[in-house]
Amino acid sequence: MDTARTVETVFRMESPRVIAGVARVVRDVGIAEELAQDALVAALEQWPRDGVPDNPGAWLMATARNRAVDLIRRRETYARKLAEIGRDQPVVAAPPEEPADPDDIDDDLLRLVFTACHPVLSAEARTALTLRLLGGLTTAEIARAFLVPESTVAQRIVRAKRALATGNVAFEVPHGPDREARLGSVLDVIYLIFNEGYAATAGDDWLRPALCEDALRLARVLSALMPREPEVHGLTALLELQSSRAAARTGPDGEPVLLEDQDRARWNRMLIARGVTALTRADAVAAGAPGPYVLQAAIAACHTHAYRYEETDWPRIAALYALLAARAPSPVVELNRAVAVSMAEGPAAALPLADALTGVPALRDYHLLPSVRGDLLARLGRTEEARAEFRRAASLTRNARERELLLRRAARAGA
C-alpha cells in the first residue's frame, strides 16, 4: 500500500478519536473537525518524506492538538490586544469547570457521540453528523447511502455544526436523568443507520452492507464505553443478531429472500454468538423491566435459535411483542405483533389487529401494512383482496427490489 493510501486508511480509522480529543480542547466539533483535517494534510505532506510513524494515530492526535493549542493562544493574544486598545471592552468569562460526578464517563469519544446526537438537532442532522464524525464517511458517501443530493447532506452537516455552536451545547456526557434521556437519541440514530442498510428505503439495492457495518461498529464502541447500560448492550445484541442473517437475505441476483425461505446454514454463527453474549450482558446489568432494544434483541434471538423456520417459537415472539407494545407503543410494533400472532394463533386472529391499523395516519403510506394484510388475506383464501393489497404495497415502496418481490407475491396470490 502506498503512503497516501496508508494516510487515508489511518485517518478514517482514527479520525473519530482525533476529533473527539481536539473537541475537548476547543469545545467546538466544527473547529475540531477542521483541525483534524489539518492534521491529515500535514500527514500527507510529511509521511511520504519522513516515513509512516510507529504510532500513526498518536501522531495525528498530537498534531491536531498542537494546532488546537496554537489556535487558543492566538485567540488569547487577540483578546489581550483588544483589551489594550480599549479597556472598556467587555470581559469574556472563562468557561465554568464541568461538575464532578462519580458516575461521569471520562471518554472523549463518548462525549462526541452525545454531542453529535444532541436533541437540538433534527433526526436527519444527527444521522449525517454521526456518520461524518464517528463513522468517518465523506459527504459524498453519506449522500450516496441515503440517496439524497450531496449538497443536501453538506447543508445538514454545516447547519448541525452551527446549531451546536450557537446553542452553546456543552461537549460532555450528560449526568443523571439527562443521560438516560439523551442516550435514547444516540441509540435511535445508530439503529436508524443500521435499518437503512438492512432494508433500504429506496434505490435499486435491498441491502447496503456498509451502513450496517458502520452502525454495528458504533454500537460496539458504545457498549465498550458504557458497560453498565442494558439498552446499549440490547442494541448491540440486536444489530449482531440481525447482521448474522445478512448473507441469506438476498439471492444470487440481489433479490430479497423472505425469512421463511432463507438458507439458515448461511447465517453467521459467530455474529449470533456475539449477539447472545451481548444480550446476556444486558440481562446481567438490568435493574428493572427490559427496555425496547433488549426486547427486540430477545425477539431476534428467538429466530436465530431455530435451526428450521418451522421450529420458530412464535408464541414467545408474540408475547415479547406484547411486552414491547406496552413498553414502547407504536403502530409499527403493533403491525409486527400482528405478524407474530398470525404465526402463533393463525391469520384469522391477526387480521383484526392489522385492520385496526388501516386508519392510523402514520401508516397511510407505509408499504408493509398492505403487505402484511395481503399475506393474511392470502392465507385465509381471500386471493382477490390479497392481490390488491400486494399491488398497493408495491405502489408504495420506493425500493426497486422490494417492488419486484411484492408484485411476484401479487401474481402468486392471484394464481
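Predicted, not measured: the structure shown is a model, and the values here were computed from it. Both backbone and side-chain heavy atoms feed into the values below; hydrogens, waters and symmetry mates do not.
V285 is not listed as a side-chain neighbour of P227, based on a closest heavy-atom distance of 4.5 Å or more. A 4.5 Å side-chain heavy-atom check between L133 and P16 finds every atom pair outside the cut-off. Between L320 and C302 the shortest side-chain heavy-atom distance falls below 4.5 Å. Between T130 and V186 there is no side-chain heavy-atom pair separated by less than 4.5 Å. At a threshold of 4.5 Å between non-hydrogen side-chain atoms, the residues L112 and F171 count as touching. Between I142 and T138 there is no side-chain heavy-atom pair separated by less than 4.5 Å. No side-chain heavy atom of F390 sits less than 4.5 Å from a side-chain heavy atom of P370. A heavy-atom distance below 4.5 Å is not found between the side chains of V169 and V29.
Looking at D375 and R409, a side-chain N of the basic residue comes within less than 4.0 Å of a carboxylate O on the acidic one, giving a salt bridge. Taking 4.0 Å as the cut-off between side-chain N and carboxylate O, R27 and D108 do not count as a salt-bridged pair. Note on R5 versus E8: no salt bridge recorded, every NZ/NE/NH1/NH2 to OD/OE distance being 4.0 Å or above. We find that E389 and R373 are joined by a salt bridge, their nearest charged nitrogen and carboxylate oxygen being less than 4.0 Å apart.
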Without placing hydrogens or testing angles, list every side-chain donor-acceptor pair under 3.5 Å for residues 47-64, not counting sequence neighbours.
residue, atom, partner, partner atom, Å
N55, OD1, A58, N, 3.1
T63, OG1, W59, O, 2.8

Please set out all donor-acceptor pairs under 3.5 angstrom arising from side-chain atoms of residues 275-284, sequence neighbours excluded.
residue, atom, partner, partner atom, Å
T277, OG1, A273, O, 2.9
T280, OG1, V276, O, 2.9

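In this structure, S185 contributes its side chain and C117 its backbone to a donor-acceptor pair below 3.5 Å. Checked by atom type and distance alone, the side chain of S371 never pairs as donor or acceptor with a backbone atom of H367 at under 3.5 Å. Under the 3.5 Å distance criterion, the side-chain polar atoms of T312 are matched with a main-chain donor or acceptor of Y309.
Taking each heavy atom of A350 and A338 in turn, the nearest pair found is CB-O, 3.1 Å. Pairing each heavy atom of A297 with each of G234, the nearest pair is CB-O, 3.5 Å. The shortest heavy-atom contact between A340 and W314 is CA-CE3, 4.1 Å. V332 approaches Y366 most closely through the heavy-atom pair CG1-OH, 4.0 Å. Residues A306 and R264 come closest through the heavy atom pair O-NH1, 2.9 Å. Closest of all the heavy-atom pairs between A215 and L239 is O-CD1, 3.9 Å.
Atom CZ of R316 sits in a sparse spot, with 12 or fewer heavy atoms from other residues, nucleotides or ligands closer than 6.0 Å.
Taking OG1 from T127 and CG from L121, the interatomic distance works out to 10.0 Å, rounded to the nearest 0.5 Å. Between the CG atom of L369 and the CG atom of D355 there is a distance of 8.5 Å, given to the nearest 0.5 Å. Rounding to the nearest 0.5 Å gives a distance of 9.0 Å between OG1 of T115 and CG of L129. Put simply, OG1 on T304 and CD1 on I272 are 5.0 Å apart, with the number rounded to the nearest 0.5 Å. To the nearest 0.5 Å, atom NE2 of residue H118 and atom CZ of residue R182 are 4.0 Å apart. In this structure, CG on L353 lies 10.0 Å from CG on L335, to the nearest 0.5 angstrom.
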Full working for side-chain contact (heavy atoms from CB on, under 4.5 Å) between L134 and L109: CA-CA 8 Å; L134 292 151; L109 192 58; 3.7 Å; yes
Before giving the answer on side-chain contact (heavy atoms from CB on, under 4.5 Å), spell out for V189 and I193 the whole-Å C-alpha distance, their side-chain angles and the decisive distance to 0.1 Å. CA-CA 6 Å; V189 166; I193 294 169; 4.1 Å; yes
Step by step, would you call L218 with F194 a side-chain contact (heavy atoms from CB on, under 4.5 Å)? CA-CA 10 Å; L218 291 173; F194 180 86; over 6 Å; no
Chi angles and distances behind the side-chain contact (heavy atoms from CB on, under 4.5 Å) call for Q262, L259: CA-CA 5 Å; Q262 289 175 17; L259 180 63; 4.0 Å; yes
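Applying side-chain contact (heavy atoms from CB on, under 4.5 Å) to R67 and the options V22, V25, V26, L35 leaves one that passes, L35. Partner of Y321 under the side-chain contact (heavy atoms from CB on, under 4.5 Å) criterion, out of L295, V341, I299, V339: I299 alone.
Judged as a ring-ring contact (aromatic ring centres under 6.0 Å, His included), and not counting sequence neighbours, the contacts of Y191 are Y293.
For the salt bridge (Lys or Arg N to Asp or Glu O under 4.0 Å) condition, the pairs that include at least one residue of residues 121-133, sequence neighbours left out, are E33-R132. The stretch residues 243-275 participates, sequence neighbours left out, in no ring pair (Phe, Tyr, Trp, His ring centres under 6.0 Å) pair at all. The side-chain hydrogen bond (donor to acceptor under 3.5 Å, both in side chains) contacts involving residues 229-244 comprise R220-E240, E240-R274, Q242-R245, where partners must be two or more places apart or lie in separate chains.
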